Amino acid sequence: MAESKASLSINGKEVAELPILKGTAGNDVIDIRTLGASGYFTYDPGFLATASCESSITFIDGGKGVLQHRGYPIANLAQDADYLEVCYILLNGTAPTKAEYEEFVNVITNHTLVHEKLVQFFQGFLPDAHPMAMLCGVVGALSSFYHDDLDITDPEQRMRSAHRLIAKLPTIAAMAYKYNVGQPFVYPRNDLTYAENFLHMMFSVPAEEYKVNPIAAKAMDRIFTLHADHEQNASTSTVRLAGSSGANPYACIAAGIASLWGPAHGGANEACLTMLEEIGDVSRVDEYVLKAKDKDDSFRLMGFGHRVYKNFDPRATVMRETCHEVLSELGIQDPLLDVAMALEKVALEDSYFIERKLYPNVDFYSGIILKALGIPSSMFTVIFAMSRTVGWISHWEEMLSQPGQKIGRPRQLYTGEVDKTFVPLSDK
Ligand code: ACO
């Protein structure tokens, strides 16, 4: 993989010769692993120019707006694959045959129930607990139900954990919602698709029959697909770092959920809808654009900007189309969509956003779709976490199956005090 070398010289003196590694696509990377011996570390807070691992799962070219999972472009997958096919692709590396797909669907479908004791676990939460708090705690607790199946050196046990997590996350997510609204938990149904089953567990009640709307199921499935994986983002890197110490997969996914929760990451979809509601009317868009540009105001346009995409977010393109389709097919007129479109137009024409290459990201339109499906904004990030679980667990699996895997242990630039003398309290 190393084809050429970079030499590092400091004050005219050669310090190190570093191999340059070539991937199959994307930037070449300079392998700095031997640099520590020379007395230097590299400094890159926020990982602006650091490849933290080698991976063959997802490729992003942020300049060109490219996103591919295992080589398949996201637009193709969103159009022609269902979410479980995408899960299979992420986990196994290539598209399934018909028989492989059917077997995979069967395995996932047969893992959707959770232990009844886990059902009781919810009773410890206050009724108005945020569903992300419940998701984080309950998923972390899952490991206590599988303590005899947590050998992370066994590929079969690892794959079983992956299947369990993909299967059970919608059940747990829907339970968190039901707990919030004070309705009984609804058990999964094996005759429904993954997306249909999630909507069934969210919205059916024992008092009457619930029929899943096919338009809603299709939109839900697409939202799952568009969030399935995204290379080494904050939550995926968190899962990898937690997993690098040998932590069990349920604990690692709980760590990923915690990282996703922040408004700069997966929490942006909830924050974006709150922002659109706060703007409320197209006439106030200019005022909020001004606020976003004001350096003395901490307000940012939620759902705008991305560390990697500096052209457009290809997921946002599909999400935007889906948003228009869903609202028109369901016959919903949502004034928030008008606010969103006006905001997008003004921002895209404004030099502040153009110069900083700030475009709508995947979260800009997803909230409007989820709202149209009757999902409350507190569940938006939960749905993101459910969808991303397959990405997290695929990265965890890839990391553990690579030879020479090491614990993640960054170093630092120390700027604190040194060599002070401690004086005991009795001498003061
Ligand atoms: N609104 C207004 N200004 C912004 C925004 C925004 N949404 N995003 C970035 N900027 C400005 C910054 O103020 C900064 O300006 P400056 O150069 O004058 O100081 C410049 O653009 C660069 O911003 P950074 O924060 O340095 O960019 P970074 O790559 O670190 O951050 C991030 C990316 C966190 C996504 C940021 O754009 C943001 O906060 N967006 C809003 C939250 C959001 O939508 N997050 C979801 C991301 S997608 C996902 O996780 C699924």
Side-chain angles (χ1 to χ4, degrees), residues 23 25-27 29 44-62 66-72 74 77 83 86-87 89-93 132 135-136 139-140 152 158-159 161-162 165-166 169 223-269 306-309 313-315 361-363 366 381-402 405-410:
N27 289 3
V29 304
D44 186 18
F47 303 114
L48 296 174
T50 294
S52 62
C53 63
E54 183 190 326
S55 180
S56 59
I57 299 177
T58 288
F59 171 65
I60 299 176
D61 182 331
V66 171
L67 168 62
Q68 299 183 350
H69 296 317
R70 303 288 193 179
Y72 303 108
I74 189 65
L77 295 174
Y83 175 67
V86 175
C87 289
I89 289 169
L90 286 167
L91 265 181
N92 297 288
M132 277 300 277
L135 192 74
C136 206
V139 170
I152 61 160
R158 293 205 301 266
M159 197 47 92
S161 309
L165 280 156
I166 296 166
L169 256 284
I223 286 179
F224 294 158
T225 292
L226 292 174
H227 287 95
D229 190 45
H230 211 229
E231 204 224 54
Q232 311 308 324
N233 54 83
S235 55
T236 303
S237 299
T238 302
V239 170
R240 279 184 175 262
L241 198 55
S244 76
S245 73
N248 73 68
Y250 306 98
C252 296
I253 299 303
I257 294 170
S259 170
L260 187 79
W261 198 351
H265 193 7
N269 51 14
H306 197 277
R307 171 62 65 76
V308 178
Y309 293 120
D313 179 341
R315 302 167 302 171
N361 59 48
V362 67
D363 288 326
S366 65
T381 314
V382 170
I383 288 170
F384 192 158
M386 268 171 59
S387 321
R388 183 55 61 83
T389 293
V390 67
W392 290 331
I393 206 68
S394 301
H395 282 270
W396 174 81
E397 167 58 30
E398 178 182 70
M399 178 185 70
L400 292 181
S401 58
Q402 279 167 345
Q405 185 257 320
K406 279 183 171 316
I407 187 169
R409 186 22 173 122

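Residue indices begin at 1 and follow the sequence shown. Everything numeric here is computed off the predicted structure, so don't read it as measured data. Excluded from the calculations below are hydrogen atoms, water molecules and symmetry mates; all remaining heavy atoms, backbone and side chain alike, are included.
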| query | Is any side-chain heavy atom of Phe384 closer than 4.5 Å to a side-chain heavy atom of Ile223? | reply | no
| Does a side chain donor of either Ser55 or Glu231 reach within less than 3.5 Å of an acceptor in the other side chain? | no
| task | Provide the closest heavy-atom pair for Gly93 versus Arg70 in the form atom of the first, atom of the second, distance. | result | CA-NE, 3.3 Å
| request: Answer yes or no: is there a donor N or O on one side and an acceptor on the other, between the side chain of Asp44 and the main chain of Thr50, under 3.5 Å? | output: yes
| field | CA sep, side-chain torsions, deciding dist, call: Tyr309, His230, ring pair (Phe, Tyr, Trp, His ring centres under 6.0 Å) | value | CA-CA 11 Å; Tyr309 293 120; His230 211 229; 5.2 Å; yes
| request: Grab the two heavy atoms, one from Cys252 and one from Ala242, that are nearest each other, plus how far apart they are. | output: SG-C, 3.9 Å
| field | Side-chain (Glu398) to main-chain (Ser56) donor-acceptor, under 3.5 angstrom | value | yes
| request: Look at the side chain of Arg240 and the backbone N and O of Gly408, then say whether any donor-acceptor pair between them is shorter than 3.5 Å. | output: no
| field | Atom pair OG1/CZ of Thr381 and Arg388 - distance to nearest 0.5 Å | value | 12.0 Å
| field | Nearest heavy-atom neighbours spanning Pro249 and Ile152 | value | CD-CG2, 4.2 Å
| query | Just by modelled atom types, is the Asn361 backbone N or O under 3.5 Å from a matching donor or acceptor in the Arg315 side chain? | reply | no
| So do Asn92 and Glu397 actually touch side chain to side chain, heavy atoms under 4.5 Å? | no
| query | His265 side chain to Ser235 main-chain N or O, any donor-acceptor pair under 3.5 Å? | reply | yes
| field | Heavy-atom pair with the smallest gap, counting every atom of Ala385 and Ile257 | value | CB-CG1, 4.3 Å
| field | Ser366 side chain reached by His227 side chain, heavy atoms, under 4.5 Å | value | yes
| note | Smallest heavy-atom separation, Leu226 atom then Val362 atom, equals O-CG2, 4.3 Å
| query | Are Leu91 and Met159 side-chain neighbours, meaning at least one heavy-atom pair lies under 4.5 Å? | reply | yes
| query | Tyr83 side chain to Ser387 main-chain N or O, any donor-acceptor pair under 3.5 Å? | reply | yes
| query | Quick one: does Ser259's side chain have a donor or acceptor within less than 3.5 Å of a partner on Ala255's backbone? | reply | no
| field | Nearest-0.5 Å distance that lies between atom OG1 in Thr236 and atom CG in Leu260 | value | 8.5 Å
| said: Run Leu169 and Leu135 through side chain to side chain contact (heavy atoms under 4.5 Å, CB included) and show every step you take. | reply: CA-CA 8 Å; Leu169 256 284; Leu135 192 74; 3.8 Å; yes
| side chain to side chain contact (heavy atoms under 4.5 Å, CB included) between Gln68 and Ile74, worked out | CA-CA 5 Å; Gln68 299 183 350; Ile74 189 65; over 6 Å; no
| task | Locate the shortest heavy-atom distance separating Ile166 from Thr389; write the atom from each residue and the value. | result | N-CG2, 4.4 Å
| remark: OG of Ser244 to CD1 of Ile407, rounded to nearest 0.5 Å, is 5.0 Å
| query | Do His69 and Leu77 have side-chain heavy atoms sitting under 4.5 Å apart? | reply | yes
| task | Please step through side chain to side chain contact (heavy atoms under 4.5 Å, CB included) for the pair Trp392 and Leu165, ending with a clear verdict. | result | CA-CA 10 Å; Trp392 290 331; Leu165 280 156; over 6 Å; no
| Any donor-acceptor pair under 3.5 Å linking the side chain of Ser237 with the backbone of Ala234? | no
| query | Just by modelled atom types, is the Val390 backbone N or O under 3.5 Å from a matching donor or acceptor in the Ser394 side chain? | reply | yes
| task | Walk me through it: do Ile393 and Arg158 pass the test side chain to side chain contact (heavy atoms under 4.5 Å, CB included)? | result | CA-CA 9 Å; Ile393 206 68; Arg158 293 205 301 266; over 6 Å; no
